[in-house]
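These notes concern the structure reproduced below.
Counting starts at 1 for both ligands and their atoms, following the listed order.
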Amino acid sequence: MTEKSDRSKWGTNTRLTHTGNDPKDYFGFVNPPVIHASTVLFPDSATMETNNQKYTYATHGTPTTNALATAVNALEGSAGTIIVSSGLAAVTVPLLAYLKAGDHLLMVDSVYFPTRRFCDTMLLDLGIEVTYYDPLIGAGIEALIKANTKVVFTESPGSNTLEIQDIPAISDIAHKHEAIVMMDNTWATPIYFKPLEFGVDISIQAATKYPGGHADVLLGLVSANKKNWPRLLQAKTNLGMCGNPDESYQVLRGLRTMGVRLAQHQSSALEIAKKMQGMKGVVDVLHPALPTFPGHDLWQRDFKGSSGLFSFVLDGGGSRDLWRAKAHAFLDALQIFGLGYSWGGYESLAVKVSLSDRTIATEPGEGPVIRLHIGLEDPADLLADIERGLAAANSIA
Ligand SMILES: *Cc1c(COP(=O)(O)O)cnc(C)c1O
């Protein structure tokens, strides 16, 4: 293998293939072992008294969880990564780490709904003030910053409606006012967008999605820059959060193929999104890589690629009852797309999204928003499925 000094020059797929394990540590076996553990033994009382060994107790890390965290750090360019039990926990743990009673949080209005629910329930009960802001606000966020603003939370593209945020502009303003910036980067993964390189302090991923990649794992990852790593690690330790060995192993395994999987998700989704633009019954296709999408220029400036998740606006044709009937007709006619939550696995999924909680990035007026996850099936088969769905929707008047 190449000398260690060359690793910093490695490309993404080389990093995905060769980080997070050192076969020499495990008799040459390519993959690290899955360590199931609580107790770690010390050789003598002096070592125990000083905790002077690499592993001390499994909540603080095992060779399996460290292998995953090391691989993620190499991808993110982060100082440290914590592993938590779900993508949602990867959102709530850093918020709890950085906010206390009397603090103010700026939260993007197009955020993943359970993040919003956490803000409106637990953070509110803890005495934390939350203001939702327009995903397209950019540097205009300065007008919303207060003396007690501690965190600016971003998610780009926006959940379900895919708005692209100007992350560097928002980060500059936040830092000027000594607030830290968190980003839920689940859509792009650090392969297509590296938050820490754009001024974000804390990068969040639902590893449940592309890193896992097979709809069989729940896991969350939170990566911090050098300045913010001690506080994040402290919160993880105080809260008793720790990565589960089997899930951590599955995600590490998923990372090995994430580059090639994403490339296929990207090309299939883009091909389908482009073709859908001309289809009867489709009012709008919300995909950042389409030149007609409002956030396209920002996406092109900052992102290295697009993933398999996008939405479209179905022609609703009038009353809300008709919207609903048409959306159900579309979904019920699908034979390959599954109806289900989550995404990032190998299979295609469709869901009618609800935007009723939004106050700024609200529902388009023309019809319901349907979100598609384009899996690894043949695009021609998926297109035929979409045509089938649209024909069913169009037949309802
Ligand atoms: C799915 C998702 C999450 C939550 O992940 P879970 O593992 O399902 O809890 C968080 N953020 C975004 C953007 C997601 O898509």
Contact atoms of ligand 1, heavy-atom distance to E155 under 4.0 Å: 13 (C)
Atom 9 (O) of ligand 1 [closest protein heavy-atom partner, distance rounded to 0.1 Å]: L88 N, 2.9 Å
Lys NZ or Arg CZ of R116 over Y132 ring: under 6.0 Å, within 45°: yes
Atoms of ligand 1 close to W343 [distance to a heavy atom under 4.0 angstrom, numbered from 1]: 15 (O)
Identity and separation of the nearest protein heavy atom to atom 14 (C) of ligand 1: K209 NZ, 2.8 Å
Minimum side-chain heavy-atom gap L372-S348 below 4.5 Å: no
Shortest non-hydrogen contact from L309 toward H373: CD1-CB, 3.9 Å
Test log, rule salt bridge (Lys or Arg N to Asp or Glu O under 4.0 Å), inputs R324 and D321: CA-CA 5 Å; R324 186 168 169 275; D321 283 346; over 6 Å; no
Distance-only N or O hit between ligand 1 and A206, under 3.5 Å: no
N or O pair under 3.5 Å between T208 and ligand 1: yes
Closest candidate by heavy atom, reference atom 11 (N) of ligand 1, pool V111, T186, D184, V84: D184
Sub-6.0 Å ring centroid separation between F303 and Y192: no
Ring center gap for W343 and Y210 short of 6.0 angstrom: yes
Pick from G87, G220, G212: the one approaching atom 5 (O) of ligand 1 most closely through a non-hydrogen atom: G87
Nearest option to atom 8 (O) of ligand 1, as decided by whichever heavy atom of Y112, F113, Y341 sits closest: Y112
Distance-only polar pair, side chains of R261 and T257, donor-acceptor under 3.5 Å: yes
